[in-house]
Amino acid sequence: MFRDRSGDLAGGAPLRGYGAAVTPGPDGPLVFVAGFGDANRVLRWDGDELVDAACGVLADDGRHAIGVAAADLDADGREEVYVHNVAAFGGTSTEADLLLDPEPDGDRWRDLFSAPVNRRRENYRVGRSVVAVDRLGTGRYGMLVTGYGSPARFYEVGDDGGVTDLAETVGLNVVTGGRSVAAGPILSDRTDVFLGAERGPNLLLRNIDGTFVDVAREYGVADPEENARGATLVAPDGARSFDIVCGNWKGQNRLFVREDNTFKDAAPSSLARPARVRTVVAADFDNDGKQELFVNCLGAPNRLLTHDGGWSQTGIGDALEPEGMGTGAAVADVDEDGTLELVVVHGEGDAQPLSVYSAPNDGGWLRVRPLTPSGAPARGARVTLTTDNGRQTRVVDPGSGYLCQMEPVAHFGLGGADPETVTVCWPGGRERTVTDPDPRTTVRCSHPGG
């Protein structure tokens with residue numbers, strides 16, 4: 001399936017890194033890679049190669065970044081980037097997080113936590129993953145930072161630039177061994193959160209009018225005997241509801257399939273087979289109209305599963321990486337040619353170069369970019385494509401994988417199908433339908449209220 005495009009990375013020096021997130025830049029997507037004791041990297045496409053554009057507060061050399069996510073917290077139409085720094089395994093850290101806000105030109109950034117209004121509001125609690133949550137369906141996001149042995153944080157930004165932790169107020173101050181998150185319309189049209197935990201049960205945080213209640217046991221996804229790592233949402237048959245894929249550390253991996261008012265584990269052996277799983281990514285890499293599942297394993301061969309009525313393992317090609325110390329992975333169309341690139345981050349124990357892969361294909365494609373009322377990416381929106389060959393469903397990623405976040409675009413491979421309609425359902429339930437979209441284009445879908 002995959003061919004190695006790591007030669008497209010300018011420089012390509014080894015990095016001890018962890019999470020990665022994709023956010024729009026002024027000249028195309030930016031892939032923010034968290035450096036753990038190394039400088040962060042911000043990759044952008046420059047003609048015929050990926051170059052590192054990080055400097056100053058973006059690079060933040062010397063701190064230990066792990067989880068990262070982007071969203072528009074201040075409703076100015078541009079995404080902020082939250083970087084979770086940890087200098088301890090659990091509890092509290094000596095290093096504060098960053099909340100990076102782009103200036104209007106997009107070339108300069110500032111840390112909102114360093115503003116005078118936010119004095120003593122920095123986060124020193126140790127967690128892992130970060131996820132963007134539009135809890136009220138207004139297009140204004142907060143950032144949930146999982147806690148590892150300490151309560152989780154949930155930060156929102158006021159009109160004065162003040163950053164406030166609302167976790168206790170909205171029911172997100174959960175204490176668990178929080179590892180991964182996968183968010184979206186899991187139980188409703190709102191943004192719900194699956195939180196994969198270590199040394200205890202997973203959480204399924206249901207959004208009820210902007211506050212959250214754990215219903216994991218009720219819905220059958222608690223799985224208390226396993227130790228969760230990567231998680232993502234998939235709807236391989238085009239269903240309105242999403243299944244939850246959860247990779248576990250040295251345990252049985254799960255495919256929680258929605259059945260009526262519960263979930264059942266339906267993982268095939270090729271997925272369930274134990275390994276030191278780090279991250280899982282769902283995307284249509286070969287543009288054949290069906291999603292694949294990339295399972296990144298630490299110090300063992302990675303896996304790729306394809307869906308044709310059910311999930312089965314397929315040839316992964318150059319992305320096998322049997323000795324790779326993978327820590328995170330993100331997906332984006334970095335060169336904007338209609339084919340997705342997979343960026344794999346390494347660095348568990350020792351520095352390793354980043355890897356970039358793509359799948360050769362000649363299939364058609366359609367990309368959908370839903371927007372908030374302010375014109376920022378509408379993370380958490382559900383996008384349904386109907387073609388003359390069936391239906392596909394995606395969620396615009398608020399956070400998934402492990403420590404990571406994918407590009408804020410619903411990418412659909414078409415194979416040889418013709419697109420008929422695209423329906424976007426924003427967090428909160430408002431919808432808009434576009435008819436007869438042109439293939440091989442990106443549809444920008446404005447919010448019905450903006």
Side-chain angles (χ1 to χ4, degrees), residues 6-74 76-87 93-116 118 122-123 130 143 157 161 163 327-330 332 334-336 341 343-347 351-356 376-377 403-405 407-408:
S6 303
D8 291 344
L9 283 162
L15 168 74
R16 192 174 181 202
Y18 276 87
V22 185
T23 186
D27 300 308
L30 302 175
V31 183
F32 191 106
V33 179
F36 192 79
D38 288 326
N40 303 320
R41 296 186 185 177
V42 180
L43 307 177
R44 65 174 179 84
W45 188 254
D46 184 18
D48 58 0
E49 62 182 358
L50 277 167
V51 299
D52 181 13
C55 60
V57 70
L58 287 179
D60 195 35
D61 195 2
R63 278 197 267 199
H64 296 78
I66 187 166
V68 59
D72 185 9
L73 277 69
D74 56 7
D76 67 352
R78 300 181 298 274
E79 291 197 320
E80 286 71 47
V81 176
Y82 193 104
V83 184
H84 183 41
N85 293 306
V86 300
S93 170
T94 58
E95 298 178 357
D97 293 349
L98 300 176
L99 181 52
L100 300 171
D101 183 27
E103 299 289 347
D105 59 12
D107 292 328
R108 293 174 296 171
W109 299 70
R110 64 189 180 111
D111 176 23
L112 289 182
F113 278 123
S114 68
N118 293 318
E122 303 96 331
N123 181 38
V130 186
M143 285 292 188
V157 175
V163 182
T327 50
V334 295
D335 53 6
E336 300 183 302
E341 281 74 44
V343 179
V344 181
V345 186
H346 309 92
Q352 289 185 340
L354 300 170
S355 297
V356 180
L403 313 172
C404 295
Q405 187 188 57
E407 65 172 354

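Because the structure is predicted, anything quoted here is derived from the model rather than measured.
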Verdict with reasoning, D60 to L98, per side chain to side chain contact (heavy atoms under 4.5 Å, CB included): CA-CA 9 Å; D60 195 35; L98 300 176; 3.3 Å; yes
Could you walk me through whether N123 and H84 pass the side chain to side chain contact (heavy atoms under 4.5 Å, CB included) test, one step at a time? CA-CA 9 Å; N123 181 38; H84 183 41; 3.9 Å; yes
Would you tabulate the side-chain donor-acceptor contacts of residues 15-30 under 3.5 Å, counting partners in other chains and residues two or more places apart, or write 'none'?
| unit_1 | atom_1 | unit_2 | atom_2 | d |
| --- | --- | --- | --- | --- |
| R16 | NE | G347 | O | 3.0 |
| Y18 | OH | E348 | OE1 | 2.6 |
| T23 | OG1 | E79 | OE1 | 2.7 |

Side-chain donor/acceptor pairs under 3.5 Å, residues 49-58, sequence neighbours excluded:
| unit_1 | atom_1 | unit_2 | atom_2 | d |
| --- | --- | --- | --- | --- |
| D52 | OD1 | V42 | N | 3.0 |
| D52 | OD1 | A54 | N | 3.0 |

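Of the inter-residue distances, the one linking T327 atom OG1 with F36 atom CZ reads 10.5 Å to the nearest 0.5 angstrom. Distance CZ/F32 to CG/L100: 6.0 Å, rounded to 0.5 Å.
For T94, there are no side chain to side chain donor-acceptor pair (under 3.5 Å) partners at least two apart in sequence or on another chain. Every residue meeting the side chain to side chain donor-acceptor pair (under 3.5 Å) condition with D101, not counting sequence neighbours, appears here in chain and number order: R110. Partners of V157 according to the side-chain contact (heavy atoms from CB on, under 4.5 Å) rule, which considers only residues two or more places apart in sequence or in another chain, are L73, D74, L99, L112, V163. Scanning for side chain to side chain donor-acceptor pair (under 3.5 Å) contacts around D8 gives R5, with sequence neighbours left out. By the salt bridge (Lys or Arg N to Asp or Glu O under 4.0 Å) test, D61 pairs with no residue at all, sequence neighbours left out. Applying the side chain to side chain donor-acceptor pair (under 3.5 Å) test to D72 and every residue at least two apart in sequence or in another chain returns nothing. Among residues two or more places apart in sequence or in another chain, the side-chain contact (heavy atoms from CB on, under 4.5 Å) test is passed with E95 by R63, H64, N85, A87, S93.
Panel note: side chain W109, backbone D111; no donor-acceptor pair is recorded below 3.5 Å. A donor-acceptor pair is defined here as one N or O able to donate and one able to accept, closer than 3.5 Å; such a pair exists between the side chain of E341 and the backbone of V334.
The two residues H346 and S355 have their closest heavy-atom pair at CE1-OG, 3.2 Å. What you find for E122 and A96 is that their closest heavy atoms are CB-CB, 3.8 Å. Summarising the geometry of S6 relative to L354, their closest heavy-atom pair is OG-O, 4.1 Å, with the distance given to 0.1 Å. The two residues E103 and R78 have their closest heavy-atom pair at O-NE, 3.8 Å.
Using a 4.5 Å cut-off on side-chain heavy atoms (C-beta onward), P102 and R108 make no contact.
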